[in-house]
Every structure is written in C-alpha cells, then in structure tokens.
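Here is the structure we will look at, set down as structure tokens.
Both backbone and side-chain heavy atoms feed into the values below; hydrogens, waters and symmetry mates do not. Because the structure is a prediction, the values reported are computed rather than measured.
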Amino acid sequence: MKRRAVKLREAHKSGSPALCSAAWAPGGQHVVTASAADTAVLIHDAAALLAGSRVSGLAPLATMRLHKDGVTALAVAPGPGGSLASGSIDHSVKFYTFPEGEFQSNVARFTLPIRSLSFNKKGTLLAAAGDDDGIKLIATIDNTISKVLKGHKGSVTGLAFDPRNDYLASVDSFGTVIYWDLCIGSEARILTRVAPTFRCDNSVRNVLCWSPDGETLAVPGLRNNVVLYDRDTGEEVSTLKGDHEQPVCSLCWSPNGRYLASAGLDRQVLIWDVKSRQDIERQKFDERICSLAWKPDGNSLLMIDVMGRFGIWESVIPSTMKSPTEGIPDLKSTKVPLFDDGDDGDDYEHPCTSGGLEDDIDESLCDSTLFSHERLKRKSTFNGDSEDEDLIHQLESSKRMKHKHKGIKEDAGKARGDSATSEWLVTARLQASFQPGSTPPQHGMRNFLTYNMLGSITTIENEGHSHVEVDFHDTGRGPRVPSMTDYFGFTMAALNESGSVFANPCKGDKNMSTLMYRPFGSWAGNSEWSMRFEGEEVKAVALGAGWVAAVTSLNFLRIFTEGGLQVHILSVSGPVVTAAGHGDQLAIVSHASDCLPSGDQVLDVKVFNISERAQSFSGRLLLTPSSQLSWFGFSDNGQLSSYDSKVMPKPVLTILELSFPIASSDLGANSLENEFMMRKLHLSQIRNKMDEMAALGLDTTAYDDEEFNLEAALDRCILRLISSCCSGDKLVRATELAKLLTLEKSMKGAVTLVTRLKLPMLQEKFSAILEERMLNDRKIAGTVGFCSNATITRNPPVLTTHATLTTKFVQNENSSLESSLPIPNPGNQESSLIEPKKPEGEQVRGINESYLKVSSAFTPLAKVPKSNETKKDSNGASNASVVDQNKKGGMDEAKKMNTEDCNRTEPQRPVNPFAKSSSSKEQSPSLLDSIKRMKVETEKVEKPSSKVKV
C-alpha cells in the first residue's frame with residue numbers, strides 16, 4: 001500500500017532557502033522551530049498539530065523574538081523542567097524556560113554567528129559553536145564557560161554529546177570530525193575530511209548523531225551515504241548506501257537505535273534498518289529537508305525544510321516491523337566523565353545549600369562551593385585490560401557513604417536538579433599506550449605505523465585488507481623492501497637496519513593479538529615469523545641489535561631473537577605506555593601509580609641492556625604539569641629523549657636547539673639571555689674538563705684556544721645585554737653584567753659603550769670595576785711571583801739575602817715568565833744558595849746563563865736576545881775555563897738538570913688577560929744593560945787569572 005505523503009505547514013516565512021531547525025520536547029508534547037530567515041523561536045503543541053494536520057494557520061503556544069537576527073541553532077535540555085537554548089547570527093546564545101518560553105538569560109556572546117548547540121544527557125552542560133575559533137562548553141547552572149575546545153580549522157556546524165557523557169563529537173564545514181574526551185578536555189580521535197563540504201551554502205550544514213546506546217556515531221559520507229564509526233576507536237563500522245543521489249545533510253536515530261532517518265540534498269528522506277543496512281521507507285519533498293528529529297517515545301518523525309515549513313511524519317516504521325521504542329538501551333557508563341551525570345538509580349542530585357554537619361560527616365556530600373558535585377562511583381578501566389583497583393575501592397566506599405547519608409540529604413529538603421559548575425572536576429585517567437612515530441588510523445588515508453630517522457612504515461586500507469609499504473629516507477642506505485598485504489590489521493610497527501616488526505590489537509572471534517617479524521635479509525629462505533597471543537594484547541613493540549621486544553596488556557615484556565626464539569619474559573611494574581629500542585638498549589615507559597589529583601601522569605622509565613641481561617637505568621620520567629607523553633625514543637647517536645603534549649614539536653622533521661626555559665624579562669631580550677646562559681654553561685664545561693685533565697697530569701694546551709674563544713663569545717653576549725640594559729634604564733643589572741666580563745679588552749669596551757651613551761654614573765661604576773680588577777690582578781701576579789721564588793728554599797733569611805737579584809728579575813718580567821720557570825729540588829737549591837765561598841762573578845754568571853736558557857716559547861712577552869748577543873755570551877762563558885774542572889763539571893750538571901726540568905715542566909694555562917704588564921720597550925733595554933754590566937764585571941775579575949793552569 002502506498003504511504004500517504006507528509007504535508008508541511010508554514011512556520012517561518014522565508015523568501016529564499018535558509019537553514020531551519022526543529023526539535024522535540026523531552027516528553028514529546030511540544031516541538032520547537034526556528035529559521036535563519038526569522039528572528040522568532042516558536043513553540044508548538046504537538047498534539048494540536050497532529051489533530052489539526054489538515055488545518056492551516058495553527059497558532060504556536062509561545063513566540064520569542066529576542067534575537068536581533070535569524071536563529072540558526074536550537075537545543076532542548078533533557079528531563080522535566082528543562083530549558084530551551086537558541087543561537088543566532090547576532091552572535092548570542094539565549095536561555096528560555098520550557099515550554100513556557102519565558103526569557104531567562106543571555107548565556108554567552110560570540111564574535112561570529114552561532115551554527116550549532118547541544119545539551120549533554122542531563123542538561124547540565126551546553127556545547128555551543130559556530131564560525132568562532134573553538135567550541136564553548138557552558139555550565140547551565142551558572143551560565144559560565146567551563147572550557148573552550150580548539151582543534152577545528154573551519155566553522156563547526158554539528159555537535160553531539162555521547163549518551164554516556166564520555167565524548168563530545170563535532171564536525172566542521174571541511175568535513176573533519178573530532179572526538180573530544182570530556183574526562184581530560186582534549187582530542188581523542190580526529191577523522192579528517194570524512195564528511196561532505198558545504199562552504200558557501202549557509203542553508204546546509206554538516207551534522208552528526210550518536211546512537212542511543214552511545215556505541216556508534218553516524219556521519220554523512222562522501223558518497224551520498226551514511227557512515228557509522230565506532231565510539232572508542234573511530235574506525236568505520238558499516239556504511240548505509242541507498243538511493244540518495246546527493247550528499248546527506250541531516251540525520252537522526254530512533255529511540256532504540258534500530259532505525260536511522262537521513263535527509264539529503266536530493267529532497268529525499270530515507271528510513272534505514274541499521275541491522276540489515278537497507279532503506280525501508282522514503283518520502284520525497286518539494287524542498288530539501290534541513291532538520292530531522294525523532295519523537296523520544298513514539299513512532300513519529302519531525303522535519304522542517306529550507307523554506308520554513310515543518311510537519312510530522314506519523315507511523316514511520318510499519319507495524320509489521322519492530323517498534324522504534326522497543327528495547328530502548330539502559331545506559332551504564334564504564335568511564336568517569338568530566339561532568340558527572342548523577343546516580344544510576346537517582347536521576348538528579350539535590351544541590352547543597354547549607355554546610356555544617358553534612359560537611360563534617362561526608363565531604364563528598366557537599367562542596368565548599370555553592371553547588372554540590374556528585375562524587376564518582378563508577379568503575380574505571382584503562383585500556384580495557386586491567387582495572388585500577390585502588391580507584392574502584394575509593395569509588396565503592398564513596399558510594400556506601402552516600403547511601404548511608406541519603407536520608408540526611410532528603411530531610412534537608414534540597415531542590416531537585418543536577419549540579420555542575422564552571423570548574424573542571426577532572427578525574428584524570430591513565431594515559432593509553434602508543435607506539436612512537438605512529439599516527440591514529442584514519443579511514444581512507446595513509447597512516448604511519450612508525451616513523452624514525454631511518455625510514456617509515458605506512459599502511460592504507462583497501463577493500464577489507466591493508467597495503468603496507470616500507471620506505472627508507474636514504475634509498476642507498478637501506479635495502480629495497482617489497483610491499484606487503486596486511487590481513488591482520490596491524491596498527492603499530494618498529495623499524496631498524498635489520499628488519500621490521502608489526503603488531504595488532506586483539507581482534508577476531510578468538511580475540512587474539514599477532515606479533516610478526518620480517519627481516520630484510522637472511523641466508524635462510526623462510527626467516528619471517530609470527531607469534532599469537534590469546535587473551536593478551538600487544539601494546540608496544542621495539543627492535544634492537546639482534547632482538548625483538550613486545551610489551552603486552554598483562555604487563556609482560558617478551559624478548560625474542562631475530563629468529564623467533566623466546567629468550568626472556570619479564571614483568572613490568574605497571575601498565576605500559578610506550579617502548580623504544582636502539583642497539584643493545586631497550587627503554588620502556590610504564591605507569592608508576594594512579595594519576596595525581598592535578599591530572600599529572602606518574603611515569604617510570606627503565607632501560608635494559610639486552611646483551612648484558614642487566615637493567616642499566618630506572619627512574620621517573622619528567623613531564624610538564626598536566627601533560628601526557630607524546631613521543632619517546634632514541635636519537636641517532638643513542639640519546640634517550642621524550643616530548644610531552646605541552647612541548648610538542650611540529651610534524652615536520654626539524655633540528656631542535658637546546659635552550660633554557662627563560663622567563664620573559666622586562667628587557668625583551670629573551671634570545672640574548674638564553675645565549676648568555678648557554679655560553680656560560682659551555683665555558684664552565686670546558687673549564688671543568690681542563691681542571692680534571694690537569695688533576696690527572698695531562699696536557700691541557702689543546703683546549704686553551706677553545707676556552708679563550710668561549711670567553712670572548714661570552715663577553716660579546718654580555719656587552720649586548722649591557723647595551724639592552726642601558727636602553728631599558730636597568731643600570732644595576734648592567735653593573736652586575738659588567739662584573740661578569742672576563743677579558744680586559746671587553747671591560748674597556750663596556751666603559752667606552754656607557755661613555756658614548758652618556759651615562760656618567762655607569763661610566764664611573766665601570767671604571768671603578770676596571771681599576772679594582774687591574775689592581776687585584778697586579779697583586780695576584782706579585783704574589784704568584786713571590787711564592788714561586790719562595791718555593792726554592794725553605795729558609796726565608798737565605799732567600800732574602802741571596803735571592804735579591806732573582807726577586808728583582810721576577811718583578812721586572814711578565815708573570816708568564818715566572819710561571820713557566822721550572823721549580824728545582826728545594827733541597828739542592830737551598831744548598832747552592834747557602835754556599836758562602838762561591839765567587840760573586842760565578843753567581844752572577846749562573847743567574848745570567850739560567851735566564852738565557854729559558855725558551856722564548858715560555859716567555860712570550862720577553863725580548864729574545866739576538867744571535868750575536870748569544871754568541872758573545874757563549875764566548876764569555878768559554879773564557880771562564882779557569883774555573884776548577886770539578887766545579888765546572890758540577891755547574892754543567894746543574895745546567896743540564898735545570899734544562900731537563902724546564903723540558904719536563906707541564907705547559908701552563910694562559911695567564912689572566914687582566915694582568916698589567918710593562919711594555920717590552922721599557923723592560924728589554926734595562927734588562928740587557930744589566931746583563932752587559934754583569935758580563936763586563938765578570939771579565940775584569942777573571943782576566944788576571946786566565947793564564948793559571950788547573
């Protein structure tokens with residue numbers, strides 16, 4: 001029998017197609033309509049509408065004309081005594097009583113038009129979105145914005161709360177669908193460009209709708225069909241393909257989730273049997289239907305077209321089929337939502353209006369804020385595998401306490417109503433496991449199973465199976481690996497030079513997880529192997545030098561050889577988060593305990609050396625507060641690294657520079673301050689290394705140039721900071737920086753800088769610092785010289801009497817000369833200095849020869865004698881052959897020992913550049929004159945005895 005066509009009646013006048021909205025009241029007694037071409041929101045009596053279906057001009061029960069522009073979105077709060085929300089092109093969201101239609105308040109204002117509104121299960125939370133950047137979550141109890149969810153790149157046109165209150169689904173004008181996890185307030189799944197695109201036509205919008213049991217999300221497909229996605233994985237479950245000739249623009253489920261209604265741009269409305277995937281009814285209209293709504297407790301479908309005409313399709317499902325109201329699901333959430341929805345047995349929670357005894361008895365019965373928050377009492381699971389027993393005990397204890405004091409709450413006579421506030425009641429869940437370098441599965445898109453510095457493994461679904469490809473960044477480095485057809489549905493992989501390992505979650509009738517290893521080269525023909533795990537799911541995989549590792553849901557670490565031999569089975573301390581391998585090193589991150597009340601994850605990291613069968617490291621993994629681990633692995637040189645969600649790098653492969661978390665100072669020179677910290681760190685490292693080498697008796701001259709260059713670079717950075725301080729009138733800070741300058745030239749440059757900037761007070765301070773530095777260096781140089789001579793003898797009077805000339809010599813020369821002189825044996829030197837009978841001429845000549853034997857390499861600032869002067873000195877020394885042979889031999893041996901001591905002396909570090917030294921022009925002439933005078937006196941003394949035979 002041919003079904004009678006549905007007649008539509010005019011509710012809103014429109015001269016051109018415009019987006020219209022229609023919704024049922026929770027009990028099905030009223031319907032609400034609105035149009036983008038009309039400022040009015042109308043409330044109609046459904047019974048009168050059905051009874052007078054053949055009568056035109058039926059007046060609405062209530063009319064609200066408070067918006068200044070067209071109304072683009074409607075939402076009715078569930079439950080008795082609910083409220084009505086409307087959004088408009090005028091950027092506002094308004095609340096009304098329902099069904100009276102009395103204005104309550106302006107909820108929120110946006111900067112751009114509103115496109116979509118949606119209430120959660122209990123009406124305590126309203127999601128509002130549109131052309132603005134972000135989805136605003138509004139607590140209806142006090143009309144405050146609790147959170148703004150940002151992630152869409154286009155206008156958000158569709159919103160739908162999961163009936164279990166775990167997720168919020170949203171779709172934008174680009175066809176991207178996002179699952180928002182309400183427990184942590186962030187993205188759970190992203191399905192990119194899975195819905196049609198309506199960019200220019202504002203009379204059409206992308207929509208989505210959850211099934212009543214919350215297990216499936218219906219989204220318009222790209223092929224004029226309807227695609228159903230899984231709630232937890234975001235994977236495509238099934239497709240409803242029928243006679244729609246153009247894209248679907250509206251959807252709604254029957255109360256029991258058995259049937260689905262869809263409206264398309266082809267002006268058709270189809271009714272689907274979801275189980276059989278067949279359309280069982282259809283209607284064709286003069287204009288396209290832009291909004292559908294199934295009666296909550298009946299077999300009727302409300303619809304409205306783009307011209308503002310609406311009607312009710314009665315007896316949608318034939319009587320020969322299962323009623324759409326039979327078997328309505330009873331929801332029992334297994335997750336802990338961000339905004340709690342109430343007891344399973346009691347739909348509403350009494351708000352807390354007074355303190356006192358109740359607060360003392362049970363803190364969970366009344367919060368210190370104005371409105372109470374129901375405590376969590378449902379079991380929480382992570383990863384669907386192991387239970388958080390401590391949390392369960394806590395929730396069960398809270399439930400018992402609430403039953404115990406339920407009578408107290410009832411006697412208090414509190415009003416019925418759900419409680420929600422603007423604060424986030426975060427009951428954070430443990431972070432789920434992930435594979436480093438992998439991307440979430442996206443239907444019809446190429447996904448990464450792994451990506452590292454060597455290459456990548458990608459997969460793309462194709463008609464029931466997947467196509468897997470292995471690519472190397474450097475094609476000359478890795479072998480050519482043929483593509484693979486994947487029938488297991490692998491979701492994770494690891495890659496190194498020797499091979500690749502794949503794994504998939506539990507699936508199939510036997511609920512088994514598979515681990516498969518494929519080597520790139522082997523002498524054997526069949527070297528590929530696989531392992532199956534029954535009742536155990538692989539959560540992370542890793543590869544190393546000759547081993548394969550898999551961590552499972554039972555917290556087992558299973559290690560295999562490349563040939564597939566099971567060699568180790570270890571137990572991990574907590575649920576695994578991720579794993580990575582490099583060479584002999586295997587690193588595993590696992591949960592150390594429950595999340596902190598602040599929502600912070602508590603993670604442990606362990607590093608194993610597989611070849612040595614030892615644990616080389618164990619400790620806590622540091623994360624930014626309120627963040628989750630995003631990536632974990634080894635760098636190219638084997639350095640273990642990690643990134644969390646608060647410092648997530650860009651997806652493009654980039655070299656990240658080391659930097660300090662510098663606070664933003666009032667100078668606005670964060671880059672300079674970071675450079676200052678980095679250069680200071682590098683200089684301290686090289687100095688510590690030189691000190692360690694010097695303590696071991698090793699040569700440190702190779703690092704002298706590097707140290708000087710670092711000092712000069714640090715000084716240049718400090719000078720730029722001083723200039724910034726002067727520009728910002730931070731003179732005290734500039735003075736502190738000046739004290740950190742190392743080189744004398746840099747200090748003089750700082751004085752010149754402040755002089756040019758005409759800062760006399762700062763110039764005076766810098767000059768004082770420079771003078772004090774030079775004075776201290778001069779004192780230090782004198783002390784070093786004195787101490788160097790003092791070490792020659794332990795008898796101060798002898799040193800004062802016999803070493804007067806030597807002390808004078810040191811004071812006239814640069815300190816580097818004295819520091820380069822070898823330190824002879826104190827005992828021998830003391831005996832040589834105390835000898836009273838030694839002629840004065842020999843003593844003077846000994847000093848002269850000792851000085852001339854010092855290499856110019858050890859006295860860079862001293863003037864080197866000319867060759868003729870050296871020759872003259874040798875001749876003079878040869879004329880002294882009248883000395884006793886024994887005594888001459890003793891002097892020669894002493895000279896030889898002195899030369900050997902000089903050669904054995906370790907090269908000294910460069911002297912402080914601030915030390916003030918006399919110019920060579922002033923030193924050299926006076927020194928040579930003294931030597932010449934001593935030689936002349938010596939020749940005069942020895943000349944009369946030159947003919948005496950020894």
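Under the 3.5 Å distance criterion, the side-chain polar atoms of Asp230 are left unmatched by any main-chain donor or acceptor of Glu235. In this structure, Ser300 contributes its side chain and Ile312 its backbone to no donor-acceptor pair below 3.5 Å. For the pair Thr72 (side chain) and Ala36 (backbone), a donor-acceptor distance under 3.5 Å is absent. Under a 3.5 Å cut-off, the side chain of Thr157 and the backbone N or O of Asn206 do form a donor-acceptor pair. Remark: the backbone N or O of Thr216 is paired with a side-chain donor or acceptor of Ser211 at under 3.5 angstrom. Judged by distance alone, the side chain of Trp180 and the main-chain N or O of Ser170 form no donor-acceptor pair under 3.5 Å. Side-chain N or O atoms of Thr140 include one that pairs as donor or acceptor with a backbone N or O of Gly123 at under 3.5 Å.
Here the rule is side chain to side chain contact (heavy atoms under 4.5 Å, CB included) with Pro255, and of Ile328, Asp297, Asn299 only Ile328 fits it. When Asp172, Asp132, Asp131 are each tested for a salt bridge (charged side-chain N to carboxylate O under 4.0 Å, His left out) with Arg115, only one passes: Asp131. The residue from Asp273, Ile271, Leu270 that alone fulfils the side chain to side chain contact (heavy atoms under 4.5 Å, CB included) condition with Glu281 is Ile271. Screening Val219, Val177, Leu208, Val237 for a side chain to side chain contact (heavy atoms under 4.5 Å, CB included) involving Tyr229 leaves a single residue, Val219.
Expressed to the nearest 0.5 Å, how far OG of Ser21 lies from CG of Leu74 amounts to 5.0 Å. Within the model, atoms OG of Ser238 and CZ of Arg277 stand 4.5 Å from one another, a figure rounded to the nearest 0.5 Å. Put simply, NE2 on His44 and CG on Leu61 are 8.5 Å apart, with the number rounded to the nearest 0.5 Å. Interatomic distance, Ser276 OG to Met321 CE, rounded to the nearest 0.5 Å: 6.5 Å.
Ring pair Trp210/Tyr179 is perpendicular by interplanar angle, where above 60° counts as perpendicular and below 30° as parallel. Ring geometry for Trp294 against Tyr259 counts as parallel: the plane angle stays under 30°, on a 0 to 90° scale with 60° as the upper cut.
Side-chain contact, Ser323 with Thr325: a donor N or O sits under 3.5 Å from an acceptor N or O. Side-chain atoms of Thr239 and Asn225 include no donor-acceptor pair closer than 3.5 Å.
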Exercise for review: May I have the step-by-step check of side-chain contact (heavy atoms from CB on, under 4.5 Å) for Leu168 and Leu125, ending in yes or no?
Suggested key: CA-CA 11 Å; Leu168 169 69; Leu125 190 65; over 6 Å; no

Exercise for review: Show your working on side-chain contact (heavy atoms from CB on, under 4.5 Å) between His12 and Val71 and close with a plain yes or no.
Suggested key: CA-CA 11 Å; His12 305 273; Val71 180; over 6 Å; no

Exercise for review: Report the C-alpha distance between His152 and Thr176 in whole Å, list the side-chain angles of each, state the deciding distance to 0.1 Å, and finish with yes or no for side-chain hydrogen bond (donor to acceptor under 3.5 Å, both in side chains).
Suggested key: CA-CA 8 Å; His152 284 287; Thr176 297; 5.8 Å; no

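Within the 4.5 Å cutoff, the side chain of Asp600 has heavy atoms near those of the Ser626 side chain. Side-chain contact check for Lys121 versus Pro163: every heavy-atom pair is 4.5 Å or farther apart. The shortest distance between side-chain heavy atoms of Arg205 and Val171 does not fall below 4.5 Å. Between Pro220 and Leu251 the shortest side-chain heavy-atom distance falls below 4.5 Å. Contact of the Met64 side chain with the Leu84 side chain is registered, since non-hydrogen atoms from C-beta on lie closer than 4.5 Å. Val76 is not listed as a side-chain neighbour of Trp24, based on a closest heavy-atom distance of 4.5 Å or more.
Residues Arg231 and Asp162 share a closest heavy-atom pair of NH1-OD2, 2.9 Å. Looking at every heavy atom in both residues, Ile43 comes nearest to Pro99 through CD1-O, 3.6 Å. Contact between Leu430 and Gln601 at its shortest, heavy atoms only, is CA-OE1, 3.8 Å. Residues Lys275 and Arg258 come closest through the heavy atom pair CB-NE, 4.0 Å. Gly87 and Leu117 make their closest contact through N-CD1, 3.4 Å (heavy atoms, listed as atom of the first residue, atom of the second, distance). Listed here is the closest heavy atom pair of Val227 and Gly221: CG2-CA, 3.9 Å.
Cation-pi geometry between Lys153 and Phe174 is not satisfied (NZ or CZ under 6.0 Å from the ring centre, within 45° of the ring normal).
Heavy atoms of other residues, nucleotides or ligands lying less than 6.0 angstrom from NZ of Lys150 number 12 at most.
Classification of Glu215 and Arg164 as a salt-bridged pair holds, one side-chain N sitting under 4.0 Å from a carboxylate O.
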